[in-house]
Amino acid sequence: MNSVELLLQGFQHALSAQNLMFALIGVVLGTLIGVLPGIGPAMTVALLLPITYSVDASAAFIMFAGIYYGAMYGGSTTSILLNTPGETASVMTAIEGNKMAKAGRAAQALATAAIGSFVAGTIATAALTLAAPQIADWAVSLTSVDYFALVVLALVTVSAMLGSSPLRGFGSLLIGMFAGMIGIDSLSGQNRFTFGVDELTTGLPVVVAAVALFAVGETLHVAAWLRQTPPKVIGVSTVWGLPKEDIKRSWKPWLRGTALGFPIGAIPAGGADVPTFLSYAIERKLAKGKAKEEFGRTGAIEGVAGPEAANNAAAAGVLVPLLTLGLATSSTAAVMLAAFQSYGLRPGPLLFTSNPELVWGLIASLYIGNVLLLVLNLPLASLWAKLLRVPRPFLYGGILTCASLGTYAVNQSPVHLVILLVIGVLGFAMRRYGWPIAPAVVGLILGPIGEENLRQAMQINQGDYSALVSTTFAKIVLGLALLAVVASLVLRVRARLKGKQTPEALVGAGAGN
Amino acid sequence: MNPGTESQNPRAYPYLIGILLVVAGIAVGTQVWRGKTAPAEEGEDIDTDQPTNWRGIAVLVALFVVHALLIDYIGWPLAAALLFGGTAVTLGARRWWAVVVASLALPIILLYVFTYGLSVYLPPGPLKVLMW
Amino acid sequence: MLPQLVRRRATRAAALLAAAALLTGCGSGSGSNGGQAAPITGLKIMAPAAPGGGYDQTSRAMQKDLQDTKIASGVQVFNVEGASGTNGLKQLADSKDDNLLMTMGLIMVGGIQTTGSEKTLKDTTPIARLLAESEVLVVPAESPWTTLEGFLESWRQDPKNTPIAGGGAGGSEQILLGLIADQVGIDPGQINYVANSGGGKALEKVLSGEVKAGLNGVSEFKEQIDAGKLRALAVSGDNRSKLLPEVKTLKEQGVGLSFYNWRGVHARPGLSDSDKQKFTDMLTRLHDSEAWKKTLVDNDWEDYFLTGAEYSSFVDSENERARKVLTDIGLVK
């Protein structure tokens, strides 16, 4: 059966009343948390992990994907109207978008963001539809040496590219990898770092760790430094569409953003954030005439259209390694990987043949989700904007309550609530002293995968470490990892010489959601 | 090493991570000692120009511990109401009636959504009377 | 592999049922269901592993069929994960609860050895053996070996360069591989065994061709064997598997051993003889029911029922066999 037929069956599955309802809940929830400060898609999916005990897998993933896409749409609203991005990937949108809003063009900024997200999301989902099965077919031939190289690439890029201090990013990654070792070692059956506590032999629960780092850490961080002045939200009237002139200026950045976002998201490196600042840099370079004048002054629409398209395309791209290789490169993807594991499902080359209904239903739901999101975000933008004024004491009280709920609902154990608090305090300390959160979460999930493949590669090759570069694929991937480290160092040194902030440094501000 | 147990040696990888952690720790320590600290993470609701509110953090931590201990006795919704209300007041909520209404409404709504919508069990405590 | 979540998926339903049973006066001893023995109540079954695994599936199948056949009512199932099942074993060994049963099996027998658990199956009361799964030895479709004999010959010549993938360390696949090696004259200490934290991963290793062969439960590999991506060389049981009727057994091909990954049920240590008899009767009735026969077929399980003193001595012999081979391999000192 070819992809088109499978996709059509996927649509049939995704359009069932139950799945459609979960898709709708997902995109509404996603937009909501995208707009709201202090809560992001990774945390939301983590909080909802308990539903994996009662809801079937297709429905749950359709909802999670809706949250993931929705948060990308919602994040732009916050960036444009409040100038403080809610998600890492929306940082670039804030630069020009907020200037446009201040100059009275908030509606156009919101519209180009929403339509650009729709265009990019749809094209990228189509690319995912075509590419993923091919990649899955090919990935069957990957060996543990190749997988180990891929994990190294993902880990290196996540820690080197995010945050203002690559050293702290690396430290954060190692903390996550250490936490991932706690529990019974699956290959040898030995306990590691359990300190005689029976509860720890099953490992540190991913839900608890993720919810603690994101939700509890963020709430404590806010408690330490809550802004006392009310947020300055720029008002906006109902948005119906985009004037012809703005469409003319937007469509090329949309396509360029998509072309950057999908491939970069799809290689297991860097996740969804890198392409947004690349897109911004390119649009700024290409700007001519009126647009060139607007960039950095009154806000150029190209600077909103490009990064927004890039971030949605990358979100679809990130699903490629998640589904075909079982590798996560963003914290949201990492939590979704935990959800797969909680169902006893194993994302990887065989998922497409062993669970076609789930995979194709999920992909079909992405198309549906994009349409729903366009409808939700264009005319309702002014409604979402009201959410920006939600009283902060209630918002963070709610976040903390949901953190308790997400943890307690899993196994009704007060012990886990205590673990939640302890890791939450760690999350606060990391935020306060400039350690990014995302590498810790990715390290927690990818670390054990890397270890298993490393040990198997060693077993198969009888302890010969040179085997780790024995395949062409591994050589290329490890080369890319090295390149990422060097590039990140060079960029930083150059930026320091010039004495201005790099896009990476800006991204660091929001890293963690 | 015995070829049969290479992949089953649980020690090597923890040592590697441990060594790297120590190295990274020393490197960060050196940076900080030389005066190169990293800025705290920023956010919509963060204003790092003010002094740190350590008291607020201590109150939230204490609230959370009390919440965790009370669940077994008064059920999740009431313990959650305490957590929510306490957090809101700590973060500066002043309209007491709004705090009370929200503190009771949110946990009860969540109780219904999780119990009936998602079939995830939460101990209702005395609120059992509201369940059917 | 990764930290798994502790789940109690069906316990809520079970609790509801239990509550319902209590409310309705709980027919225990009322003798109102026409000649049949009254349903056993208050039974708890522990699955000493994560949800979704073999122990979990077995426990939940028992729960469902015991209740559907009215042999028991209000049966609860819960999971105690970790340490190759020995966390659960510890809990059972320390328990004073006469109504607590634990599913267990060959993997726990191996796990007790490799983890050096202080509690062993001697600290429990064996009730019955229920079912078994046959293992299948496969090679990638593009590999040169078409017969078991051909593969064993190359393996014998260079065991170190013949990596073979299976499940976790000390589990049924590694035990079986050690037994085969021993039988055909290969030093078990020389086996290059690639442990995996699940059948799906072992499958990927074989498909990518980085290991020379793979060993796993018949149902794990069946799909890829039928699709022509894997070549099955032998199944481990006494008889051919119903799932792969054309694949010969080890015995048929001159390797004199039969092997099953079996599962059974144990209770707390020091259980009274009358309670032991009650559970033996309960499981015998379950075994004889139509519902259980259908469950076996639906799950690709083979009927492997045994009780009483025969079962106790079977456990002892399996324990001895596992200990010997794991010592030869070098996993148990």
Side-chain angles (χ1 to χ4, degrees), chain A residues 37-38 50-51 53-55 78 82 84 86 164-165 167-168 170-171 174 177-178 181 185 187-188 190 192 219-228 231 391-394 396-398 400-401 404-405 408-409 412 414 417-418 421 425 431-434 451 454-456 458-459 462-463 509 512, chain B residues 1 3 6-10 12-14 17-18 20-21 24-25 27-28 31 37-48 50 52-54 56-57 60-61 64-65 67-69 71-72 76 80 83-85 87-93 102-103 106-107 110 114 118-123:
Chain A
I51 69 156
Y53 311 132
S54 52
V55 175
T78 318
L82 198 57
T84 34
S164 50
S165 159
L167 187 58
R168 285 175 177 76
F170 186 59
L174 289 171
M177 289 170 80
F178 171 77
M181 285 189 287
D185 169 38
L187 296 186
S188 69
Q190 306 297 321
R192 296 195 301 193
T219 307
L220 293 177
H221 192 51
V222 167
W225 278 321
L226 182 64
R227 191 184 295 280
Q228 295 304 328
R392 297 308 188 251
F394 291 107
Y396 288 99
L400 205 54
T401 306
S404 153
L405 173 68
Y408 192 76
Q412 284 97 49
L417 287 179
V418 174
L421 183 61
V425 171
R431 278 182 171 79
R432 183 159 204 287
Y433 298 105
E451 180 189 4
L454 171 65
R455 282 162 66 181
Q456 289 174 330
M458 287 295 98
Q459 171 71 41
Q462 298 172 53
Chain B
M1 175 163 295
E6 181 84 42
S7 69
Q8 292 146 31
N9 172 13
Y13 179 79
I17 300 298
L20 288 175
L21 256 176
V28 173
Q31 273 199 358
T37 52
E41 189 188 302
E42 289 172 23
E44 294 96 326
D45 299 329
I46 306 286
D47 178 6
T48 51
Q50 355 166 36
T52 310
N53 178 7
W54 290 107
I57 293 171
L60 286 194
V61 169
F64 200 88
V65 172
H67 162 75
L69 293 177
I71 293 178
D72 280 350
W76 187 83
L83 179 68
F84 179 90
T87 307
V89 171
T90 310
L91 292 180
S103 303
L106 180 79
L110 287 174
F114 269 66
L118 303 170
S119 311
V120 175
Y121 173 76
L122 290 170

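Order of the sequence lines fixes the chain letters, A, B, ..., with proteins taken first and strands second; residue numbering starts at 1 for each chain.
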Could you have a look at [options] and say which one has the most heavy-atom pairs with chain B under 4.5 angstrom?
options: A:Thr219, A:Val222, A:Val418, A:Leu174; value: A:Leu174
options: A:Pro393, A:Pro391, A:Gly398, A:Ala223; value: A:Pro393
options: A:Leu226, A:Leu405, A:Thr401; value: A:Leu405
options: A:Tyr408, A:Tyr433, A:Phe170; value: A:Tyr408

> So, A:Trp225 side chain and B:Asn53 main chain: donor-acceptor pair closer than 3.5 Å or not?
Replying inline: no
>> What part of A:Arg432 gets within 4.5 angstrom of chain B, counting heavy atoms only: side chain, backbone, both, or neither?
In response: both
> Going from CH2 on B:Trp76 to CZ on B:Phe114, what distance comes out if it is rounded to the nearest 0.5 angstrom?
Replying inline: 7.5 Å
> What is the distance from atom CE of A:Met458 to atom OH of B:Tyr13, rounded to the nearest 0.5 Å?
Replying inline: 14.0 Å
Region of [X] that comes under 4.5 Å of a non-hydrogen atom in chain A:
X: B:Leu20; answer: both
X: B:Leu106; answer: side chain
X: B:Val61; answer: both

Any side-chain heavy-atom pair of [X] and [Y] under 4.5 Å:
X: A:Pro414; Y: B:Ile71; answer: no
X: A:Leu167; Y: B:Gln31; answer: yes
X: A:Met177; Y: A:Glu451; answer: no

>> Taking every non-hydrogen pair under 4.5 Å, which of B:Gly25, B:Gly85, B:Ala27 racks up the most with chain A?
In response: B:Ala27
>> I'd like to know which of B:Ala93, B:Gly56, B:Ser103 tops the heavy-atom pair count under 4.5 Å against chain A.
In response: B:Ala93
> For B:Pro14 and A:Met181, which heavy atoms make the closest approach, and how far apart are they?
Replying inline: CA-SD, 3.5 Å
